[in-house]
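One structure below.
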Amino acid sequence: MKKIKAIIVDDELNARLLMQNFIEDHCPEIELVGEAEDVKSAVKIINNNPVDLVFLDVEMPNENGFALFDYFNKPTFETIFCTAYSQYAIKAFEVSAVDYILKPIGISKLKEAVEKVVLKHSLNLPQTNIAILKENLQENKIKKIGIHIGDGIVFMDLNDIYYFEADGSYTTIHHKNGKDLAVKKIKHFEDLLSSDTRFFRIHRSYFVNITLIKKYSKKDGLSVTYDDKILLPISREKKEEFEEFMQLNNII
């Protein structure tokens with residue numbers, strides 16, 4: 001298999017050396033063709049020697065890592081971000097379907113991120129949408145989520161999603177434009193959005209957007225209703241927790 005050409009961009013020499021050693025020892029699919037201490041140096045390398053992958057530090061002096069994308073209309077390289085960001089920002093990386101390595105760098109996480117890039121190349125999958133990540137980082141709440149559907153990633157606005165429905169090893173996502181089948185279990189989405197106050201697991205089969213609920217009924221079994229036609233059950237063991245959750249978020 002053709003090797004993936006990569007560069008390391010980090011303002012700290014020790015960090016670049018450590019990443020280089022890890023890649024050479026544990027990532028045989030990667031061929032390092034350069035390194036840079038800042039964004040402008042990285043741009044020069046990429047323009048002179050097109051690369052497939054950039055290991056990119058986020059927090060650097062003068063220009064942070066995101067500035068790299070301002071120099072390219074349509075980047076042809078994949079990116080693995082290397083970051084020491086807060087937990088909220090890490091959540092933004094995850095929901096945007098962007099590969100990242102949390103500092104201090106661990107070998108297992110590095111290998112996992114590289115394997116994803118190798119798979120994308122082998123399947124000819126679309127480039128990661130960096131614009132979605134930047135948008136999510138700028139919002140007080142996560143705005144869009146990257147969802148693996150079929151052999152690609154679809155980005156959905158969370159405010160357009162009614163609910164996630166368990167479907168064996170898959171999840172059906174019901175939204176304002178219809179529905180899609182995602183190749184992840186419902187627990188994946190519950191974990192991904194665990195800190196988002198718009199979503200709550202009302203039942204083993206349903207993880208719902210509480211802001212779009214039209215009606216909450218305690219008659220004839222606990223349930224919530226969307227658009228006066230979609231009625232979903234609330235499991236009895238979730239009743240008290242659900243009402244507390246709604247009260248905390250000023251819904252009821």
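Numbers here are sequence positions counted from 1.
At a threshold of 4.5 Å between non-hydrogen side-chain atoms, the residues Cys82 and Met19 count as touching. Side-chain contact check for Tyr170 versus Val183: some heavy-atom pair is nearer than 4.5 Å. Using a 4.5 Å heavy-atom cutoff, the side chains of Lys179 and Tyr162 are not in contact. The side-chain heavy atoms of Glu29 and Val118, taken from C-beta on, include a pair separated by under 4.5 Å. Two residues are said to be in side-chain contact when any heavy atoms from C-beta on lie closer than 4.5 Å; Glu243 and Lys218 meet this criterion. Contact check for Glu165 versus Thr171: no side-chain heavy atoms found under the 4.5 Å cut-off. Within the 4.5 Å cutoff, no side-chain heavy atoms of Thr83 are placed close to those of Ile101. The shortest distance between side-chain heavy atoms of Asp180 and Ile147 does not fall below 4.5 Å.
Interatomic distance, Ile107 CD1 to Asp25 CG, rounded to the nearest 0.5 Å: 8.0 Å. Remark: Ile145 CD1 to Met156 CE distance equals 9.0 Å, nearest 0.5 Å. Taken from CD in Glu241 to CD1 in Ile234, the straight-line distance is 11.5 Å, to the nearest 0.5 Å. For the atom pair His174 NE2 and Thr172 OG1, the distance stands at 5.0 Å (nearest 0.5 Å). Separating the CD1 atom in Ile8 from the CZ atom in Phe22 is a distance of 11.5 Å, to the nearest 0.5 Å. Remark: Leu222 CG to Arg236 CZ distance equals 5.0 Å, nearest 0.5 Å.
Cluster annotation: Leu17 and Ile23 are assigned to distinct hydrophobic clusters (Ile/Leu/Val/Met/Phe/Trp/Tyr, side-chain heavy-atom contacts under 4.5 Å, transitive). In the hydrophobic clustering of this structure, Ile161 does not group with Leu181; members are Ile, Leu, Val, Met, Phe, Trp, Tyr whose side-chain heavy atoms approach within less than 4.5 Å, directly or through other members. A single hydrophobic cluster is not seen to contain both Leu212 and Leu231; linkage of ILVMFWY side chains at heavy-atom distances under 4.5 Å, directly or through other members, places them apart. Under the 4.5 Å side-chain heavy-atom criterion for grouping Ile, Leu, Val, Met, Phe, Trp and Tyr, Leu32 is connected to Ile105 within one hydrophobic cluster.
Side-chain polar atoms of Ser41 and Asp38 form a donor-acceptor pair below 3.5 angstrom.
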Could you go through residues 53-63 and list every donor-acceptor pair under 3.5 Å that involves a side-chain atom there, pairing it with any protein atom two or more places apart or in another chain?
residue: Asp57; atom: OD1; partner: Lys103; partner atom: NZ; Å: 3.0
residue: Glu63; atom: OE1; partner: Lys40; partner atom: NZ; Å: 3.3
residue: Glu63; atom: OE1; partner: Tyr71; partner atom: OH; Å: 3.4
residue: Glu63; atom: OE2; partner: Tyr71; partner atom: OH; Å: 2.9

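Side chain of Asn49 to main chain of Ile45: no donor-acceptor pair is present (N/O by atom type, distance under 3.5 Å, no hydrogens or angles). With hydrogens and angles ignored, the 3.5 Å screen pairs a side-chain donor or acceptor of Tyr226 with a backbone N or O of Asn209.
Between Phe207 and Phe199, the ring centre distance stays below 6.0 Å.
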* What do the steps show when you test Phe155 against Ile153 for side-chain contact (heavy atoms from CB on, under 4.5 Å), and what is the final call? -> CA-CA 7 Å; Phe155 291 92; Ile153 298 173; 3.9 Å; yes
Verdict with reasoning, Thr79 to Phe81, per side-chain contact (heavy atoms from CB on, under 4.5 Å): CA-CA 6 Å; Thr79 307; Phe81 290 92; 3.8 Å; yes
Walk me through whether Glu37 and Asp10 qualify under side-chain contact (heavy atoms from CB on, under 4.5 Å). CA-CA 5 Å; Glu37 64 180 359; Asp10 197 306; over 6 Å; no
| request: Could you give me the CA-CA distance, side-chain angles and deciding distance for Leu158 and Arg198, then say whether side-chain contact (heavy atoms from CB on, under 4.5 Å) is met? | output: CA-CA 9 Å; Leu158 284 174; Arg198 288 169 289 183; 3.6 Å; yes
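Partner of Leu232 under the side-chain contact (heavy atoms from CB on, under 4.5 Å) criterion, out of Ile213, Val224, Thr225: Val224 alone.
Using the six-membered ring where Trp is involved, His203 and Tyr206 have ring planes that are tilted, between 30° and 60° apart. Between Phe77 and Phe72, the ring planes lie perpendicular to each other; the angle is over 60°, past the 30° to 60° tilted range. Phe242 and Phe200 have tilted rings, their planes meeting at an angle from 30° to 60° on a 0 to 90° scale.
Partners of Gln20 by side chain to side chain donor-acceptor pair (under 3.5 Å), not counting sequence neighbours, listed by chain and number: Glu24. Residues meeting the salt bridge (charged side-chain N to carboxylate O under 4.0 Å, His left out) test with Glu35, sequence neighbours left out: Arg16.
Contact record, Ser205 with Ile186: O-CD1, 3.6 Å, taken as the closest heavy-atom pair. When every heavy atom of Lys111 is checked against every heavy atom of Cys27, the shortest pair comes out as CG-SG, 4.4 Å. For Leu102 against Ala84, the heavy-atom pair with the smallest separation is CD1-CA, 4.3 Å. The nearest pair of heavy atoms linking Ser223 to Tyr216 is O-CD1, 3.4 Å.
Under a cutoff of 6.0 Å and an axis angle of 45°, Lys109 and Tyr100 form a cation-pi pair.
Between Lys116 and Asp99 a salt bridge is recorded (basic side-chain N to carboxylate O distance below 4.0 Å). Ion pairing between a basic and an acidic side chain is recognised when a charged N comes within 4.0 Å of a carboxylate O; Arg201 and Glu190 show such pairing.
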